**Student:** 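The structure under discussion is supplied below as structure tokens; questions concerning it will follow.
Each residue takes its place number in the sequence, starting with 1. As the structure is a computational prediction, the values presented were derived from the model and not from experiment. Whatever order the structure lists ligands and atoms in, that order sets their numbers, starting from 1.
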Amino acid sequence: MSSTTEGARATHATLTIPGSNKTAELPLLNGTLGPQVADIRKLQAQTGIFTFDPGYGETASCESKITYIDGDEGVLLYRGYPIDQLAEKSTFLEVAHLLLYGELPTAAEFESFNRGVTMHTMLHEQVRRFFDGFRRDAHPMAVLCGVVGALSAFYPESVNVNDAREREISAFRLIAKIPTITAWAHKYSTGQPFMYPRNDLSYAENFLYMINAVPPEPYRKNPILERAMDRILILHADHEQNASTSTVRLAGSTGANPFACIAAGIAALWGPAHGGANEAVLKMLGEIGHKDNIPAFIAEVKDKNSHTKLMGFGHRVYKNFDPRAKIMQQTCHEVLGELGIKHEPLLELAMELEKIALDDDYFVSRKLYPNVDFYSGIILKAMGFPTTMFTPLFALARTTGWISQWMEMIADPSQRIGRPRQLYTGAPRRDYVSIDQRG
Ligand code: CMC
């Protein structure tokens with residue numbers, strides 16, 4: 001493969017297939033940030049071949065203006081703003097506006113956006129009855145998948161994905177209703193009454209209220225925990241073309257309605273390699289149990305035959321500290337301090353594990369660092385969430401990112417149905433043999 005340059009950057013790469021006279025001119029595309037991208041859209045037409053990239057690690061599946069990650073430097077930007085600045089200075093709904101529309105809102109824009117979203121926090125009473133169909137011990141991710149998908153039956157107008165205003169209302173509905181659905185999934189498992197949303201509270205506080213309040217007791221706000229929850233939501237709001245976001249885009253590329261697409265994203269998030277990792281981290285820490293057991297655990301992780309992973313470590317894109325993990329660690333200390341927890345064995349175990357892993361050549365050589373999930377479970381546990389609620393909380397936050405990505409995709413004129421190809425390694429063509437002649 002050779003390239004043509006113009007100024008400092010190459011403009012085209014040329015791919016020649018040896019032994020044939022076929023050549024492809026691949027334009028090199030420039031983003032605002034990040035490496036150049038070879039445009040292979042005409043590769044098959046020009047050469048008859050296509051590319052093989054299981055896991056899509058080398059493939060840009062779309063053009064996007066929403067989130068940028070520099071995995072080597074440990075940088076995460078939402079619409080250009082560094083995640084640490086947003087986590088420190090912004091609020092979740094402000095970030096939601098940023099992700100959806102591309103800009104931080106003015107005061108007037110924020111007031112209108114806040115009103116537009118919060119007026120949709122209630123669920124239809126028929127949706128409330130859906131919960132009764134689940135077993136009390138159902139995993140809340142199963143409830144989320146089912147109830148979010150079912151919303152499409154309540155808003156038939158959302159099927160018209162070509163109407164920009166309908167799309168916006170669907171986005172508002174999803175962002176507003178997902179805290180209610182998530183909190184009710186929790187209440188259902190505990191047997192406590194569902195608490196209806198309160199629009200006088202902030203997004204994060206309303207969620208904590210629906211989770212923690214009970215009708216006979218006055219509800220006491222806690223600004224530190226509200227802030228911590230808001231920050232957790234900001235940190236999880238979007239993360240470029242990860243597995244669940246790509247699932248939302250792939251489902252959306254068929255023209256499916258937004259509620260169905262977000263339900264597909266929730267399903268993809270559930271796995272332990274993705275959003276299920278926060279739950280898996282606590283399970284792992286519980287199984288390790290004591291600092292003395294760390295060396296044996298690390299040895300097991302390094303043993304290729306064990307299939308044991310150090311959960312909360314490693315990332316497809318970050319080959320450095322996940323910037324979200326640093327903020328999570330700091331938030332973890334703040335929350336434990338506020339709750340008066342001076343000694344949290346799981347946190348001490350996690351910090352010791354991190355120290356040992358960051359010093360071990362296995363992890364260093366593979367550039368495996370703590371990711372966002374390494375500390376989030378400890379915070380959520382301290383805030384009183386059961387482990388099964390960790391991934392639903394991730395889904396709650398990510399709904400805003402998913403719907404922003406879905407909106408961007410639908411409005412993109414180059415968008416077409418997602419349809420990857422394959423390298424077929426099955427049987428070549430053969431003829432049917434009747435059952436009495438098979439041996
Ligand atoms: N523990 C031990 N070894 C690991 C780990 C880990 N957590 N992660 C990667 N490796 C090894 C892997 O075995 C491979 O080794 P080798 O080169 O000897 O075969 C090497 O590191 C490269 O890993 P990979 O599997 O090619 O990396 P990937 O990009 O396919 O996987 C990952 C990324 C996140 C799925 C993986 O690192 C992992 O399973 N981590 C644990 C689960 C986790 O914490 N997930 C949350 C990710 S952040 C939140 C989110 O985005 O959902």
**Student:** Can you produce the list of protein nitrogen or oxygen atoms under 3.5 Å from a nitrogen or oxygen of ligand 1, alongside each distance?
**Tutor:**
unit_1	atom_1	unit_2	atom_2	d
ligand 1	1 (N)	Leu310	N	3.0
ligand 1	3 (N)	Tyr362	OH	2.9
ligand 1	7 (N)	Leu310	O	2.8
ligand 1	7 (N)	Phe313	O	2.9
ligand 1	15 (O)	Arg366	NE	3.2
ligand 1	18 (O)	Lys304	NZ	2.7
ligand 1	18 (O)	Arg366	NE	3.1
ligand 1	18 (O)	Arg366	NH2	2.9
ligand 1	19 (O)	Lys304	NZ	3.0
ligand 1	29 (O)	Arg316	NE	2.8
ligand 1	30 (O)	Arg316	NH2	3.1
ligand 1	40 (N)	Phe313	O	3.0
ligand 1	44 (O)	Gly312	N	2.8
ligand 1	44 (O)	Asn371	ND2	2.9
ligand 1	45 (N)	Ala273	O	3.1
ligand 1	52 (O)	His274	O	3.2
ligand 1	52 (O)	His274	ND1	2.5

**Student:** In terms of side-chain heavy atoms, does Glu354 have a donor or acceptor partner in Tyr375 at a distance below 3.5 Å?
**Tutor:** yes
**Student:** Can you check ring pair (Phe, Tyr, Trp, His ring centres under 6.0 Å) on His274 and His239, steps first, answer last?
**Tutor:** CA-CA 12 Å; His274 193 8; His239 213 228; 8.9 Å; no
**Student:** As a quick check of understanding, evaluate side chain to side chain donor-acceptor pair (under 3.5 Å) for Asp238 and Thr67, giving each step before the final call.
**Tutor:** CA-CA 7 Å; Asp238 196 49; Thr67 295; 2.5 Å; yes
**Student:** Kindly determine whether Glu205 and Arg198 satisfy salt bridge (Lys or Arg N to Asp or Glu O under 4.0 Å), including the steps that lead there.
**Tutor:** CA-CA 9 Å; Glu205 187 66 57; Arg198 273 183 49 188; over 6 Å; no
**Student:** Are Glu168 and Tyr101 linked by a side-chain donor-acceptor pair shorter than 3.5 Å?
**Tutor:** yes
**Student:** Does anything in residues 139-150 pair up under side chain to side chain donor-acceptor pair (under 3.5 Å), and if so which pairs, sequence neighbours excluded?
**Tutor:** His139-Glu279
